[in-house]
Amino acid sequence: MPLPPLVGALTVAVALHAPDDSTRALGRPVSAPVSAPISAPVAVPMPAPIAAPAPVVTRSHTSFAADSLVVEKVAHRLTLYYHGAPVRTYLVALGNPVGDKERRGDRRTPVGLYHIDYRNAQSQFHLALHISYPDERHAARAHAAGWSPGGDLMIHGLPNGQGDVGPDHRQDDWTNGCVAVTDEEIEEIWRAVPDGAVVEIKP
C-alpha cells in the first residue's frame, strides 16, 4: 500500500556552534572567539517517502502437473492424475451421459481410451483440449452402419462470454458429447495437462 504523503516539512531547530579549533584547522589564526550561537530555527525538508509498488493482481498459476485424465460419466467427474496418483478432481457437464457414442448427432460422450492430440486457444468455448476420438473401433462400427462417427470432441470451458455462469452450468448436460468445466477449471487443466496425455472415459 502506498505510504501517505508527507504532511509538511519537518522543522528542526539546529544550534550551530563554531568549534574553537575550526579556523586553526584551516591554518589561519583565530581573530576573535565566537561568543553567540546561531539559534534561528532552520527548516530542513525531509525527503518524500518512496511509495510501495501497487500489487499486481493476476490469476494464480497451477501448482501441479498431470499426465493422464479419467472421466467417469455416471459420476460426472473428471480426475487428473500424475504418476498414478490423483491430483485434482472436477465435476463436469457432458452430452448424453447414457451409453457409448455411436454416430454424429447422438450427443453421447464416447467411452474408451484416448489422448489429448491438440489444443485450441481460439475455440468458441473458453480454451479446449481435443480428445482423439474417433478411434479405430468407433470409426469401424459407425462406417459399418453407414453413419459418420462424429468427432471434434473436447474438454472445454464455457461458451465465450458466458463464463459468469460458473458452476451452475452443471445443472444440465448441455454439450454435444464434450466434457465441460468452468473457465477457471479449464485454465488449470490447460496448464497442468500436456499434449499426448492419456484420457480414459468410463461409463
Side-chain angles (χ1 to χ4, degrees), residues 59-60 62 64-82 86-203:
R59 292 180 187 266
S60 60
T62 302
F64 61 90
D67 53 19
S68 62
L69 307 82
V70 174
V71 177
E72 300 165 90
K73 291 171 50 172
V74 170
H76 286 72
R77 182 167 56 220
L78 183 159
T79 304
L80 304 185
Y81 288 83
Y82 185 68
V87 293
R88 190 63 58 95
T89 298
Y90 309 91
L91 295 178
V92 303
L94 304 170
N96 180 353
V98 180
D100 193 8
K101 188 168 187 64
E102 296 181 346
R103 58 188 174 87
R104 181 180 298 277
D106 64 10
R107 297 187 63 248
R108 291 176 177 170
T109 302
V111 173
L113 199 62
Y114 309 97
H115 63 275
I116 300 298
D117 55 2
Y118 70 87
R119 59 188 62 214
N120 183 2
Q122 305 301 322
S123 168
Q124 62 181 316
F125 302 95
H126 185 65
L127 303 178
L129 299 170
H130 188 264
I131 301 170
S132 61
Y133 173 89
D135 56 9
E136 291 183 5
R137 178 175 64 87
H138 285 87
R141 184 175 66 186
H143 292 152
W147 298 328
S148 165
D152 203 27
L153 296 181
M154 305 273 193
I155 300 170
H156 61 64
L158 302 183
N160 292 330
Q162 298 183 38
D164 57 351
V165 173
D168 288 344
H169 83 98
R170 299 192 296 254
Q171 294 179 7
D172 188 28
D173 282 319
W174 55 270
T175 79
N176 286 323
C178 295
V179 178
V181 294
T182 68
D183 288 358
E184 291 77 14
E185 290 167 344
I186 192 60
E187 289 180 9
E188 281 194 346
I189 297 168
W190 178 278
R191 291 190 294 262
V193 175
D195 291 346
V198 173
V199 181
E200 182 179 6
I201 304 178
K202 298 180 177 181

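We number each residue from 1, following the sequence as shown. This one's a predicted model, so the numbers in the text were calculated from it and none came from an experiment.
Scanning both residues, V193 and R119, for their nearest heavy atoms gives O-NH2, 2.6 Å. The two residues I201 and V111 come nearest to each other via the heavy atoms O-CG1, 3.3 Å.
Side-chain contact check for E200 versus L69: every heavy-atom pair is 4.5 Å or farther apart. In this structure, L153 and T109 have side chains that are not in contact, with every pair of non-hydrogen atoms separated by 4.5 Å or more. Under the 4.5 Å side-chain criterion, counting only non-hydrogen atoms from C-beta, Y114 is in contact with H138. The closest side-chain heavy-atom distance from I189 to Y90 is below 4.5 Å. Annotation: side chain of L80 is in contact with side chain of F64 (closest heavy-atom distance under 4.5 Å). With a 4.5 Å cut-off on side-chain heavy atoms, V70 and K202 count as touching.
A salt bridge links R77 to E72: at least one charged side-chain nitrogen sits closer than 4.0 Å to a carboxylate oxygen.
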Verdict with reasoning, D100 to R137, per side-chain contact (heavy atoms from CB on, under 4.5 Å): CA-CA 12 Å; D100 193 8; R137 178 175 64 87; 3.6 Å; yes
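No side-chain donor-acceptor contact under 3.5 Å links D195 to the backbone of Y118. Using modelled atom types, no side-chain atom of S132 and backbone atom of I116 make a donor-acceptor pair closer than 3.5 Å. For the pair R108 (side chain) and V98 (backbone), a donor-acceptor distance under 3.5 Å is present. Using modelled atom types, one side-chain atom of R107 and one backbone atom of T175 make a donor-acceptor pair closer than 3.5 Å. A donor-acceptor pair under 3.5 Å is absent between the side-chain atoms of H143 and the main chain of A140, judged by distance alone. Between the side chain of Y133 and the main chain of G150, no donor-acceptor pair closer than 3.5 Å is present.
In this structure, the separation between CD on Q122 and CG on L127 is 9.0 Å, given to the nearest 0.5 Å. From L158, atom CG reaches atom CD of E184 across 8.5 Å, with rounding to the nearest 0.5 Å. Here the straight-line distance linking atom CD of E188 with atom CG of D183 works out to 12.5 Å at 0.5 Å rounding.
A tilted orientation is assigned to the rings of W174 and H156, their planes being inclined by 30° to 60°.
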